[in-house]
Amino acid sequence: MTKNLNLFNTLSNKKEKFLPIDNSKVGMYVCGPTVYDFPHIGNARPLVVFDVLFRLLKKIYGKNKITYVRNITDIDDKIIESSKKNNKSINELTKTITKDFHQDCQYLNCQKPSFEPKATDHIKEMISMVTNLIKNKNAYENEKHVYFSVSSFNEYGKLSNKNSKQLVAGSRVEVSKYKKDPLDFVLWKPSEVSDPGWASPWGRGRPGWHLECSVMSEKFLGKKFDIHGGGLDLVFPHHENEIAQSRCANKTDKFANYWVHNGFVTFDKEKMSKSIGNIVFINKLRENINGQVIRLALLSSHYKQPLDWNERLIQESQNTLDKWYNQFEKIDSEELDDDVLNPLLEDLNTPEYISKLHLLYDESIKGNKSSKVKFLKACNLIGLLEEDKHLWKNFKKSKVKIDESFINQKIKDRNNARIKRDYKLADIIRKELENKGVVIEDKQDQTIWKYK
RNA sequence: GGCCACGUGGCGGAAUGGUUACGCAGAGGAUUGCAAAUCCUUCCAUCCCAGUUCGAUUCUGGGCGUGGCCUCCA
């Protein structure tokens with residue numbers, strides 16, 4: 001094992017050498033969607049970033065050595081709310097969104113995680129974790145509610161770098177009357193008759209938000225595991241609470257060793273929010289942009305940095321891939337050199353990696369065969385140029401209502417005009433096709449066309 | 001108020017104690033009937049002030065500015 005991966009760890013606030021608990025395998029848990037609304041471009045970022053990490057880990061440790069778990073949270077107050085608002089049953093809503101989410105993942109060319117557990121399939125385990133917490137005196141029941149007692153865990157705040165005093169001072173949380181301490185968070189709460197609920201020692205109810213990740217990471221990865229990922233906004237309170245629950249319930253000194261968090265996506269420099277109405281939904285992008293374009297755009301800045309989503313970024317990524325596809329070829333697998341991989345090993349430096357791709361492309365078009373192979377393999381590693389060239393070129397076909405024989409006839413007409421030096425007519429025909437969404441390029445011996 | 005991150009050319013975006021990637025845009029050229037695409041060449045930058053240092057964009061301190069978290073969020 002010569003390849004050394006360094007990762008920035010939120011827990012230590014430093015870049016650290018990555019050392020798995022067991023050198024022969026790696027466990028990674030990434031917070032997946034709460035299925036209450038269609039995924040947006042902000043959700044796409046962790047999907048793609050951790051997909052790249054997943055691919056990289058497989059490259060380093062071997063294909064079958066990585067266990068990647070990404071949950072689906074299908075019970076939550078937001079879901080209940082959305083279901084009421086949209087007059088859809090919970091089941092219908094979560095099924096619809098989950099299906100859409102899976103289409104997004106496929107569209108973004110994300111490899112399937114090893115496991116994709118659902119919260120509602122793990123209520124039993126959650127109840128048993130809460131029971132454990134009560135037994136360990138880290139939680140208390142009050143009027144059918146169960147709360148985690150933050151003061152019982154003295155390392156609370158370590159991940160998010162907060163102490164309880166600050167939290168109380170800055171707190172805008174509505175303090176429930178059932179809580180002993182304003183910082184305590186809910187593990188179990190009663191459900192209205194009309195709302196989803198499960199029988200429990202504390203009456204019919206449902207789990208608190210953070211519980212599913214604690215329970216499901218343990219089930220698939222163990223009480224301690226290597227990497228836990230998610231968006232930067234999950235650091236507090238979600239991940240902080242996960243740590244508290246898991247470590248207290250399991251009586252362990254550690255939970256996840258490396259915490260990796262991605263930065264936010266803004267839209268035209270503004271925060272995406274429902275009230276502004278500037279949320280970019282992935283299923284909308286699916287309509288006329290190839291998923292690889294989104295991928296490249298999302299990887300164009302370092303994962304921890306903020307990323308601004310805008311038309312220009314998409315266009316640039318589109319143009320780059322158009323160019324790169326000139327070198328497309330299906331190649332049989334070959335080991336990728338360490339020097340190519342290096343930027344990714346330094347905390348997933350995708351911008352530097354992409355700049356290397358540009359250099360490899362340059363060598364490749366000059367006829368350097370080994371550079372070409374490297375280029376293509378390197379693209380594939382981050383999920384680019386895996387799709388056939390034909391599919392890439394014809395992505396917009398379904399959108400453009402135009403018959404291919406019509407295009408070919410027009411090109412024939414135009415070339416006849418060109419032979420007769422009737423350039424006026426030739427230009428008119430070119431313009432006509434362009435207006436229909438077809439662009440013409442005259443090559444040396446032929447005229448090719450593509451969708452705009 | 002507390003905590004954190006960031007400030008690099010026209011734009012995006014890496015890296016670095018000494019010659020500052022890469023992409024886009026711009027300029028020039030090749031090619032073309034003209035284009036487009038492609039290829040070649042090329043111009044342009046480290047927020048301000050002080051300190052450490054032979055040397056700072058990089059390290060330290062201060063300032064100014066931007067963003068995030070502290071409430072549901074990727």
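Bear in mind the structure is a predicted one, so any value in this text is a computation, not a measurement. Chain identifiers are assigned alphabetically (A, B, ...) following the order of the sequence lines, protein sequences preceding nucleic acid strands; residue numbering begins at 1 within each chain.
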Reckon A/Ile440 touches a base, only the sugar-phosphate, or nothing at all at heavy-atom distances under 4.0 Å?
-> base
Tell me what A/Asp442 touches on the nucleic acid: a base, only sugar-phosphate, or nothing, going by heavy atoms under 4.0 Å.
-> base
Between A/Asn13 and B/rA5, is there a side-chain N or O to OP1/OP2 distance below 4.0 Å?
-> yes
Roughly how many Å is it from CD in A/Gln327 to C1' in B/rA37, rounded to a whole number?
-> 14 Å
Any idea which of B/rA74, B/rC24, B/rC70 is nearest the A/Lys323 side chain?
-> B/rC24
When the P atoms of B/rA74 and B/rC4 are considered, how many whole Å apart are they?
-> 25 Å
Interatomic distance at C1', B/rA37 relative to B/rA30, whole Å | 14 Å
Hey, does A/Gln305 reach any base, or is it just sugar-phosphate, or nothing, if we go heavy atoms under 4.0 Å?
-> sugar-phosphate
In terms of side-chain heavy atoms of A/Lys443, which of B/rA37, B/rA74, B/rC24 is nearest?
-> B/rA37
Can you check whether any acceptor in the base of B/rA36 is under 3.5 Å from a donor in the side chain of A/Arg430, or vice versa?
-> no
Nearest-angstrom distance from the residue atom CD1 of A/Ile314 to P of B/rG12 = 16 Å
When the C1' atoms of B/rC59 and B/rG17 are considered, how many whole Å apart are they?
-> 8 Å
Within this structure, what is the CD-to-P distance between A/Glu352 and B/rA14, rounded to whole angstrom?
-> 10 Å
So does A/Asn349 get a side-chain nitrogen or oxygen closer than 4.0 Å to the phosphate oxygens (OP1/OP2) of B/rA15?
-> yes
Give a yes-or-no answer on whether the side chains of A/Asp347 and A/Tyr303 include a donor-acceptor pair shorter than 3.5 Å.
-> yes
Report yes if at least one side-chain N or O of A/Lys304 is closer than 4.0 Å to OP1 or OP2 of B/rC4; otherwise report no.
-> no
Are the charged groups of A/Glu387 and A/Arg295 less than 4.0 angstrom apart, N to O?
-> no
Sugar-phosphate, base or nothing in reach of A/Phe185, heavy atoms under 4.0 Å | nothing
Under 4.0 Å between any heavy atoms, over every strand shown, what does A/Lys431 touch: base, sugar-phosphate, or nothing? Just pick one.
-> nothing
Which value, in whole Å, describes the distance between the C1' atoms of nucleotides B/rG65 and B/rC49?
-> 15 Å
Just checking A/His302: base, sugar-phosphate only, or nothing, at a heavy-atom cut-off of under 4.0 Å?
-> sugar-phosphate
How many Å lie between NE2 on A/His239 and C1' on B/rG68, as a whole number?
-> 16 Å
Please state how far atom NE2 in A/His238 lies from atom P in B/rA74, giving the value in whole angstrom units.
-> 10 Å
Does a side-chain N or O from A/Lys78 land closer than 4.0 Å to OP1 or OP2 of B/rA74, or not?
-> no
Do A/Asn342 and A/Glu346 have side-chain N/O donor and acceptor atoms under 3.5 Å apart?
-> no
A/Tyr178 and A/His145 aromatic ring geometry - parallel, tilted or perpendicular at 30°/60° bounds = parallel
What distance, rounded to whole Å, do you find between the two C1' atoms, one in B/rA56 and one in B/rA15?
-> 15 Å
Check the surroundings of atom NZ in A/Lys330: do more than 12 heavy atoms from other residues, nucleotides or ligands lie under 6.0 Å from it?
-> yes
Which sits closer to the 5' end of RNA chain B, A/Ser355 or A/Lys450, going by the nucleotide each is nearest to?
-> A/Ser355
Quote, to the nearest angstrom, the C1' distance that separates B/rG68 from B/rC72.
-> 16 Å
So, A/Lys95 and A/Asp74, do they make that salt bridge, N to O below 4.0 Å?
-> no
Could you check whether A/Val265 gets within reach of a base, just the sugar-phosphate, or nothing at all, counting any heavy atom under 4.0 Å?
-> base
Nucleotide B/rC69, atom C1' - distance to CG of A/Asn262 in whole Å = 14 Å
Pairwise C1' distance for B/rG9 and B/rU52, with rounding to whole Å = 29 Å
Distance (rounded to the nearest 0.5 Å) between A/Leu341 CG and A/Leu56 CG | 5.5 Å
For nucleotides B/rC6 and B/rG13, find the distance between their P atoms and express it as a whole number of Å.
-> 14 Å
Hey, is the side chain of A/Tyr303 poking within less than 4.0 Å of OP1 or OP2 on B/rA5, counting only N and O atoms?
-> no
From the list B/rA74, B/rA14, B/rU38, which nucleotide is the closest neighbour of the side chain of A/Ser301?
-> B/rA14
Nearest-angstrom distance from the residue atom CG of A/Leu298 to C1' of B/rG12 | 14 Å
Assess whether one donor atom and one acceptor atom, taken from the side chain of A/Arg312 and the base of B/rG13, lie less than 3.5 Å apart.
-> no
Distance below 4.0 Å between A/Asn161 side-chain N/O and B/rC3 OP1 or OP2 = no
Under 4.0 Å: is that the gap between some side-chain N or O of A/Lys162 and OP1 or OP2 of B/rG1?
-> no
Contacts of A/Lys356 and A/Arg414 projected onto RNA chain B by closest heavy atom; the upstream (5') one is A/Lys356
Is any N or O donor-acceptor pair between the side chain of A/Asp427 and the base of B/rG33 shorter than 3.5 Å?
-> yes
Side chain of A/Ile365 (C-beta onward), nearest among B/rG23, B/rC69, B/rC39 = B/rC39
Do A/Phe225 and A/Phe255 have ring centroids that are under 6.0 Å from one another?
-> yes
Touch class at under 4.0 angstrom, heavy-atom based, for A/Lys420 against every strand present = nothing
Parallel, tilted or perpendicular: which fits the ring planes of A/Phe148 and A/Phe153, with parallel below 30° and perpendicular above 60°?
-> perpendicular
If you look at every strand shown and take non-hydrogen atoms under 4.0 Å, does A/Gly230 touch a base, only sugar-phosphate, or nothing?
-> sugar-phosphate
Pairing stems for RNA chain B [at least three consecutive pairs; Watson-Crick or G-U; under 3.5 angstrom] = B:1-7 with B:64-70, B:10-12 with B:22-24, B:26-30 with B:38-42, B:47-51 with B:59-63
Can a donor-acceptor pair be found between the side chains of A/Asn71 and A/Tyr29 at a distance below 3.5 Å?
-> yes
Checking all strands, does A/Leu359 fall into the base, sugar-phosphate, or nothing category for heavy-atom contacts under 4.0 angstrom?
-> sugar-phosphate
Atom-pair distance (CD1 on A/Ile279; C1' on B/rA74), nearest Å = 12 Å
Do the rings of A/Phe38 and A/Phe281 sit parallel, tilted or perpendicular, given the 30° and 60° boundaries?
-> perpendicular
